[in-house]
2 protein chains.
Amino acid sequence: MTTSSVDREVQKRLGEHAIRYTTGRRAVVAALAGSDGPKSASELHGEIGSRVPLSSLYRSLTILEEAGVVIPHYGAKGLTRYELAEWLTGHHHHLVCLDCGAVEDVEIPGAQETQVRDLVDSISAIASFTPINHDLEVEGRCARCA
Amino acid sequence: MTTSSVDREVQKRLGEHAIRYTTGRRAVVAALAGSDGPKSASELHGEIGSRVPLSSLYRSLTILEEAGVVIPHYGAKGLTRYELAEWLTGHHHHLVCLDCGAVEDVEIPGAQETQVRDLVDSISAIASFTPINHDLEVEGRCARCA
DNA sequence: ATCGATAATGAGAATCGTTATTATAATCCT
DNA sequence: AGGATTATAATAACGATTCTCATTATCGAT
């Protein structure tokens with residue numbers, strides 16, 4: 001999905017929720033759309049420029065999260081990294097490098113994704129749990145660090 | 001694995017690293033061994049009793065993490081929950097409640113675990129990634145919050 | 001057992017990511 | 001334009017975690 005079509009989809013979604021798509025929020029979405037992985041508030045702050053204060057950035061992220069546009073990803077040292085929700089980027093899983101800390105997105109073929117979903121359902125049933133999302137996180141060493 | 005055999009294994013492991021197995025650390029390990037899922041520092045503080053100050057608890061957790069006895073699990077609001085490493089508890093996956101934030105461990109039958117491992121291998125191969133651990137995290141609503 | 005060296009603890013202050021507050025500015029509606 | 005509503009900026013507050021350092025416990029050698 002192109003950055004501009006993401007922009008359009010987000011605008012539509014926010015419109016449905018009667019939430020304005022301001023330049024600050026546009027900047028966040030654009031930064032995330034052009035990103036190769038989840039970004040923290042301070043990383044976004046660096047990219048967007050420090051004219052936008054952190055507090056506004058956090059508020060934008062909260063609003064976008066509530067609207068289902070971005071998804072939080074919690075990491076070490078209390079750091080929360082955000083990425084665009086899967087309806088904008090496609091469903092994927094995460095490869096977390098134990099050496100360099102980078103998080104890589106991977107899409108998997110439909111047949112295997114179906115397998116994952118079945119597993120998720122059967123795991124959830126064991127504990128009377130109602131599944132909403134799932135994420136098969138693989139920790140290891142990325143191609144560069146191997 | 002029984003609580004006392006966990007204790008013995010941990011003692012052995014710490015001995016190899018020339019780290020003392022003090023009563024404070026024993027208390028943390030015992031609390032985690034008797035738990036059905038990851039616990040945060042303040043939850044442990046509540047269980048162990050407030051005679052042990054939080055700062056000591058955090059230090060114990062850090063030491064135990066460095067020794068590979070305990071594994072951190074990062075969650076919303078900057079909360080880190082700890083659980084015993086899998087060589088002590090056996091391999092399992094996680095159900096994360098989006099409402100109350102509780103994390104529950106689930107073991108899955110061997111046949112399905114094999115499926116998960118195969119998926120992990122095939123996902124990793126896509127990105128020339130060397131898998132070490134994996135965790136199928138299911139987010140949703142727990143039985144209490146449903 | 002005792003002494004000295006080393007490691008662990010306790011108590012509190014400091015740090016840092018994040019959230020709340022509040023006053024100001026921008027936007028929408030009629 | 002005028003009034004209501006919503007977003008922003010600047011800063012204070014908050015809470016989980018970490019740091020500091022003086023005190024205490026533990027280990028090894030004598």
Side-chain angles (χ1 to χ4, degrees), chain A residues 10-11 13-32 38-67 69-83 101, chain B residues 10-32 38-67 69-83 100-103:
Chain A
V10 171
Q11 177 150 38
R13 166 70 68 108
L14 293 186
E16 288 162 8
H17 288 241
I19 294 166
R20 294 184 193 147
Y21 197 24
T22 61
T23 55
R25 292 165 191 177
R26 242 176 243 274
V28 169
V29 170
L32 290 177
K39 288 273 162 63
S40 69
S42 53
E43 285 168 338
L44 291 170
H45 188 240
E47 284 188 23
I48 291 174
S50 31
R51 331 210 65 176
V52 179
L54 266 177
S55 63
S56 298
L57 241 168
Y58 275 111
R59 272 185 356 90
S60 295
L61 286 168
T62 303
I63 296 285
L64 291 170
E65 183 187 347
E66 284 167 0
V69 171
V70 305
I71 296 292
H73 206 30
Y74 307 111
K77 291 198 315 182
L79 234 97
T80 304
R81 290 165 201 275
Y82 290 87
E83 64 182 347
Chain B
V10 171
Q11 177 149 40
K12 201 170 80 181
R13 166 70 67 106
L14 293 186
E16 288 161 8
H17 289 240
I19 294 168
R20 293 180 193 152
Y21 196 24
T22 61
T23 55
R25 291 165 190 177
R26 243 176 241 274
V28 170
V29 170
L32 290 177
K39 288 274 161 65
S40 69
S42 52
E43 286 168 339
L44 291 170
H45 187 242
E47 284 188 24
I48 291 173
S50 30
R51 335 202 78 191
V52 180
L54 267 175
S55 63
S56 298
L57 240 168
Y58 276 110
R59 245 162 336 92
S60 294
L61 287 168
T62 304
I63 297 284
L64 291 170
E65 182 187 347
E66 284 167 1
V69 171
V70 144
I71 297 291
H73 196 54
Y74 306 111
K77 293 199 316 182
L79 236 99
T80 304
R81 291 162 197 273
Y82 290 87
E83 64 181 346
C100 67
V103 182

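Note that these values count all heavy atoms, side chains included, but never hydrogens, waters or copies made by symmetry. First the proteins, then the strands, lettered A, B, ... as listed; each starts at 1.
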Colleague: Tell me: OH of B:Tyr74 to P of C:dT18, nearest whole Å?
Modeller: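 Checked: the OH to P distance equals 14 Å.
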Colleague: If you check the A:Val52 side chain, which of D:dA9, C:dG10, C:dA8 turns out closest?
Modeller: D:dA9
Colleague: How far does CG of B:Leu64 sit from CG of B:Leu14, to the nearest 0.5 angstrom?
Modeller: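 The CG atom of B:Leu14 is 6.5 Å from CG of B:Leu64, to the nearest 0.5 Å.
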Colleague: Can B:Lys39 and B:Glu83 be said to form a salt bridge (Lys or Arg N to Asp or Glu O under 4.0 Å), step by step?
Modeller: CA-CA 7 Å; B:Lys39 288 274 161 65; B:Glu83 64 181 346; over 6 Å; no
Colleague: How many Å lie between OH on A:Tyr21 and C1' on C:dA26, as a whole number?
Modeller: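 Nearest whole value for this atom pair: 18 Å.
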Colleague: Would you work out how much the helix from C:dA1-D:dT30 to C:dT30-D:dA1 bends between its ends, with each end axis defined by five base pairs, to 10 degrees?
Modeller: 30°
Colleague: Please give, in whole Å, the distance from D:dA7 C1' to A:Glu66 CD?
Modeller: 14 Å
Colleague: To the nearest Å, give me how far apart CG (A:Leu57) and P (D:dA9) are.
Modeller: 10 Å
Colleague: Between the protein and nucleotides 14-21 of chain D, list the N/O to N/O atom pairs that are separated by less than 3.5 angstrom.
Modeller:
unit_1: D:dA16; atom_1: O3'; unit_2: B:Gly78; atom_2: O; d: 3.1
unit_1: D:dT17; atom_1: OP1; unit_2: B:Gly78; atom_2: O; d: 3.3
unit_1: D:dT17; atom_1: OP1; unit_2: B:Thr80; atom_2: N; d: 2.7
unit_1: D:dT17; atom_1: OP1; unit_2: B:Thr80; atom_2: OG1; d: 3.0
unit_1: D:dT17; atom_1: OP2; unit_2: B:Tyr58; atom_2: OH; d: 2.3
unit_1: D:dT17; atom_1: O5'; unit_2: B:Tyr58; atom_2: OH; d: 3.3

Colleague: Can you tell me if A:Glu65 uses its side chain to pair, donor with acceptor, with the backbone of A:Thr62 under 3.5 Å?
Modeller: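 Not confirmed, A:Glu65 side chain does not pair with A:Thr62 backbone.
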Colleague: What is the distance from CZ of B:Arg51 to P of C:dA11, rounded to the nearest Å?
Modeller: 11 Å
Colleague: For A:Ile63, is there any backbone N or O sitting under 3.5 Å from a side-chain donor or acceptor partner on A:Glu66?
Modeller: no
Colleague: Under a 3.5 Å distance rule, please check whether B:Arg25 uses its side chain to pair with a backbone N or O of B:Arg20 as donor and acceptor.
Modeller: yes
Colleague: With sequence neighbours left out, what residues match A:Arg13 under side-chain hydrogen bond (donor to acceptor under 3.5 Å, both in side chains)?
Modeller: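 A:Arg13 satisfies side-chain hydrogen bond (donor to acceptor under 3.5 Å, both in side chains) with no residue once adjacent residues are dropped.
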Colleague: Among all residues two or more places apart in sequence or in another chain, which pass the salt bridge (charged side-chain N to carboxylate O under 4.0 Å, His left out) test with A:Arg59?
Modeller: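 Testing A:Arg59 for salt bridge (charged side-chain N to carboxylate O under 4.0 Å, His left out), a comparison that skips the adjacent residues, returns none.
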Colleague: Nearest whole angstrom, please: distance from the C1' of C:dG10 to the CZ of B:Arg25.
Modeller: 14 Å
Colleague: With sequence neighbours excluded, tell me which residues meet side chain to side chain contact (heavy atoms under 4.5 Å, CB included) with B:Lys12.
Modeller: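 Checked B:Lys12 against side chain to side chain contact (heavy atoms under 4.5 Å, CB included); matches are B:Glu9, B:Glu16.
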Colleague: Would you list the protein and nucleotides 23-26 of chain D atom pairs, both N or O, that sit under 3.5 Å from each other?
Modeller:
none

Colleague: Donor-acceptor pair, A:Ser42 side chain versus A:His45 backbone, under 3.5 Å?
Modeller: no
Colleague: Can you tell me the distance, in whole Å, between the CD1 atom of A:Ile19 and the C1' atom of D:dT5?
Modeller: 14 Å
Colleague: Could you state the atom-to-atom distance from CG of B:Leu14 to P of D:dC27 in whole Å?
Modeller: 13 Å
Colleague: Got a donor-acceptor contact below 3.5 angstrom from the B:Ser56 side chain to the B:Val52 backbone?
Modeller: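 Not a single qualifying donor-acceptor pair exists.
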Colleague: B:Val70 and B:Tyr82: which non-hydrogen atoms are nearest, and at how many Å?
Modeller: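 It is CG1-CD2, 3.2 Å.
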